[in-house]
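Chain letters run A, B, ... following the sequence lines, proteins first, then strands; residues in each count from 1.
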There are 2 protein chains.
Amino acid sequence: MKFTLPKCETCGIRDKSLFCMCKQEEVEHVSQMKTCNMYRKSQIVFHENAMPIGLYCIYEGSVKISKLNSNGREQIMRIAGPGDFLGYRSLIAHRPYTDTAVAIEDATICLVPKSEFFNVMQNNKKFYEALLQMICKDADEMETKLGNIAYKPVRGRIAEALVLLAGKNQFEKKEDKTYINLTREDLASLVGTVKETAIRTISEFKDENLIEIDKRRIRILDFDKLLYISSLYD
Amino acid sequence: MKFTLPKCETCGIRDKSLFCMCKQEEVEHVSQMKTCNMYRKSQIVFHENAMPIGLYCIYEGSVKISKLNSNGREQIMRIAGPGDFLGYRSLIAHRPYTDTAVAIEDATICLVPKSEFFNVMQNNKKFYEALLQMICKDADEMETKLGNIAYKPVRGRIAEALVLLAGKNQFEKKEDKTYINLTREDLASLVGTVKETAIRTISEFKDENLIEIDKRRIRILDFDKLLYISSLYD
DNA sequence: CGCTACATTGAATCGAGTCAACACGCGTGG
DNA sequence: CCACGCGTGTTGACTCGATTCAATGTAGCG
């Protein structure tokens, strides 16, 4: 696997990440200290119960963060893309990961050593605050998701997931069109249902011309209508 | 409503709250600045979308934190009791509350002004860190709850809720016995189901001698069995 | 005493999960 | 170049847990 090691200084998605709070010299230092890895599709980035050794920052590709329950069922918490941090909560709390992170597309992910991360955190007040805010936002999002899963029927949850996924632009693009590139199984786990039900709902949406499907990948045609379906149960 | 204004210096549940990280002089200052209010059952402490004006800290009684969706359905996020903080995430993020807090028993709740809270936060590193950890823990708990609601059947979710509620000791005690004092409706909202289903499940548990019921209040008889039922689907 | 809020029970209905069969595309190895 | 297998996607039929609707019971309070 040959590729140019991405440098934080010139990283195009840095201003989308928390490191946009950092001064030039900090960024350079982080860049020196960090390592970088490529992950193939379905390769594990980190595993539930493992101790964090640093902060993962996605450069390219997408990752699913999920929990496995004893019935072998997977609950996907979120899909992370370029610029997103992984596992920072566990890192900050000095605790083992509560989730597993797996690449769902080939991905390039940088790893900032724990000590370097804490350095920045201690020395850069703005960064610290932004981090705090991010965690608050995380928790809020999770709360919303919690309310959804409890009361929205599958149709509404899938509509919402599609809108959110398309909005975040986490997947590779093709001729300027955003395609959602998740297996039906992963989409199902993300909204808390099973593959078959997810497939049926997607077929419905296709029949209603809300989405189109190109080689399994989903593209949204009618954003507003999906948003409406999603909000029916808010 | 006459009562002695509780002082932080002598507050019995302070060491259960985050203020246990504070030095004596800090505590005294907070105590001077704070106000205190009594809330009757079903009275609103703060409302979704309102801007936080300070940090609420429960002295006595219990409070439900919930979201209302447009169908009029309520999703209870958590039940808070003595020593618990309310709405700190919104306060920290300088954003409107995302939930509504309502007293479910008569409650005494102190309010630390925003500026004073931020003072402590800025000046006491330990407090800041503990706060960060608390928010991380919150988010983790929410993640767990998310996984649960998606995959555990109602029976398991109710069993779990009962165990957690009893464990937290948030309700008034009676002859040293912990009774859970929630309406069936609230219990239902807490686990994401409807009143009738919650009632049926509770009846089952009663028939199986796992709990007893005294004037609508629930007391756990067989902790382990409930824990087992809850874990069946983890 | 009667009102109101909360609790309970039964019957009907429906959304979603399960099970099973089959289709499709892709890569590997003969 | 084709055959095979494997992972993924699709569809139908059946089942069941949970919600809904409706009726009735019970406790507490003014």
Side-chain angles (χ1 to χ4, degrees), chain A residues 40-43 64 69 71-76 102-106 148-159 161 179-207 211-218 229 232-233, chain B residues 40-43 64 69 71-76 102-106 148-159 161 179-207 211-218 229 232-233:
Chain A
R40 292 244 156 249
K41 191 182 157 152
S42 85
Q43 212 179 319
K64 64 175 172 184
N69 70 16
N71 297 314
R73 290 244 255 178
E74 184 187 40
Q75 167 73 37
I76 297 183
V102 175
I104 53 176
E105 291 174 323
D106 291 353
N148 284 348
I149 235 170
Y151 291 126
K152 270 192 202 179
V154 169
R155 193 177 150 85
R157 303 211 298 271
I158 301 233
Y179 283 90
I180 295 168
N181 191 14
L182 275 184
T183 66
R184 309 293 129 121
E185 185 106 47
D186 280 345
L187 182 59
S189 303
L190 183 62
V191 302
T193 182
V194 294
K195 188 180 45 169
E196 294 92 325
T197 305
I199 287 171
R200 283 184 241 272
T201 309
I202 290 173
S203 299
E204 279 174 35
F205 288 164
K206 196 178 59 180
D207 293 346
I211 58 174
E212 70 175 9
I213 293 181
D214 174 16
K215 308 220 182 245
R216 298 168 174 183
R217 302 199 313 290
I218 299 168
I229 291 172
L232 276 181
Y233 314 93
Chain B
R40 294 243 155 248
K41 188 182 161 157
S42 83
Q43 213 179 320
K64 65 176 172 183
N69 70 17
N71 298 313
R73 290 244 253 179
E74 185 186 39
Q75 166 73 38
I76 297 183
V102 174
I104 54 177
E105 290 174 325
D106 290 354
N148 284 348
I149 235 171
Y151 293 125
K152 271 192 199 178
V154 168
R155 192 176 151 86
R157 304 210 297 270
I158 300 234
Y179 284 91
I180 295 169
N181 191 14
L182 275 185
T183 66
R184 308 294 128 122
E185 184 106 47
D186 280 345
L187 182 59
S189 302
L190 184 62
V191 303
T193 182
V194 293
K195 189 179 44 171
E196 294 92 325
T197 306
I199 287 170
R200 283 183 240 273
T201 309
I202 290 173
S203 301
E204 279 175 35
F205 288 164
K206 196 179 59 181
D207 293 346
I211 59 175
E212 71 176 7
I213 294 182
D214 175 16
K215 309 220 183 245
R216 298 169 172 181
R217 300 198 314 290
I218 299 167
I229 291 172
L232 276 182
Y233 314 93

Ile104(B) and Lys41(B): which non-hydrogen atoms are nearest, and at how many Å?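 For Ile104(B) versus Lys41(B), the nearest heavy atoms are O-CG, 3.5 Å.
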Point to revise | Salt-bridge present (Arg40(B), Asp106(B); N to O < 4.0 Å) | key: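 Salt bridge between Arg40(B) and Asp106(B), a charged N being under 4.0 Å from a carboxylate O: yes.
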### Query
Counting N and O atoms only, with roles assigned by atom type, does the side chain of Arg157(B) sit under 3.5 Å from a partner on the main chain of Lys152(B), one being a donor and the other an acceptor?
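Side chain of Arg157(B) to backbone of Lys152(B), a donor-acceptor pair under 3.5 Å: yes, one is there.
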Once you apply a heavy-atom cut-off of 4.0 Å, does Thr183(B) come out as touching a base, just sugar-phosphate, or nothing?
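Sugar-phosphate, no base atom in range.
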*Which part of the nucleic acid, if any, lies within contact of Val154(B), taking any heavy atom under 4.0 Å across all strands shown: a base, the sugar-phosphate backbone alone, or nothing?*
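Sugar-phosphate only.
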Interatomic distance, [X] [atom1] vs [N] [atom2] [rounded to whole Å]:
X	N	atom1	atom2	result
Ile149(A)	dG17(C)	CD1	C1'	15 Å
Ile213(B)	dC6(C)	CD1	C1'	13 Å
Asn181(B)	dC6(C)	CG	P	12 Å
Glu204(B)	dT8(C)	CD	P	13 Å
Glu196(A)	dG17(C)	CD	P	9 Å
Arg157(A)	dG17(C)	CZ	C1'	12 Å
Lys195(B)	dT8(C)	NZ	P	10 Å
Lys41(B)	dT4(C)	NZ	C1'	13 Å

- Using the closest heavy atom to pick a nucleotide of DNA chain C for each, name whichever of Arg155(A) or Arg216(A) lands nearer the 5' end.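 Closer to the 5' end of DNA chain C: Arg155(A).
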Respond yes when some side-chain nitrogen or oxygen of Thr193(A) is under 4.0 Å from OP1 or OP2 of dG17(C), and no when none is.
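For Thr193(A), the contact criterion (side-chain N or O under 4.0 Å from OP1 or OP2 of dG17(C)) is met.
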So, do Ile218(A) and Phe205(A) sit near enough that their side-chain heavy atoms are less than 4.5 Å apart?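 In short, these two side chains do not touch, never coming nearer than 4.5 Å.
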### Message
Using side-chain heavy atoms (C-beta onward) and a distance below 4.5 Å, is Arg155(A) in contact with Ile229(A)?
### Response
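Result yes, sub-4.5 Å side-chain heavy-atom pair found.
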Nearest 0.5 Å, please: how far is CD1 in Ile76(A) from CG in Leu182(A)?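 Answer for the CG-CD1 pair, Leu182(A) versus Ile76(A), is 7.0 Å.
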- Rounded to the nearest 0.5 Å, how far apart are CD1 of Ile202(B) and CD1 of Ile213(B)?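 Rounded to the nearest 0.5 Å, the CD1-CD1 separation comes out at 6.0 Å.
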Can you give the first and last nucleotides of DNA chain D, 5' to 3', that have an atom under 4.0 Å from a heavy atom of chain B?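 In short, chain B contacts DNA chain D from dA18(D) to dG28(D).
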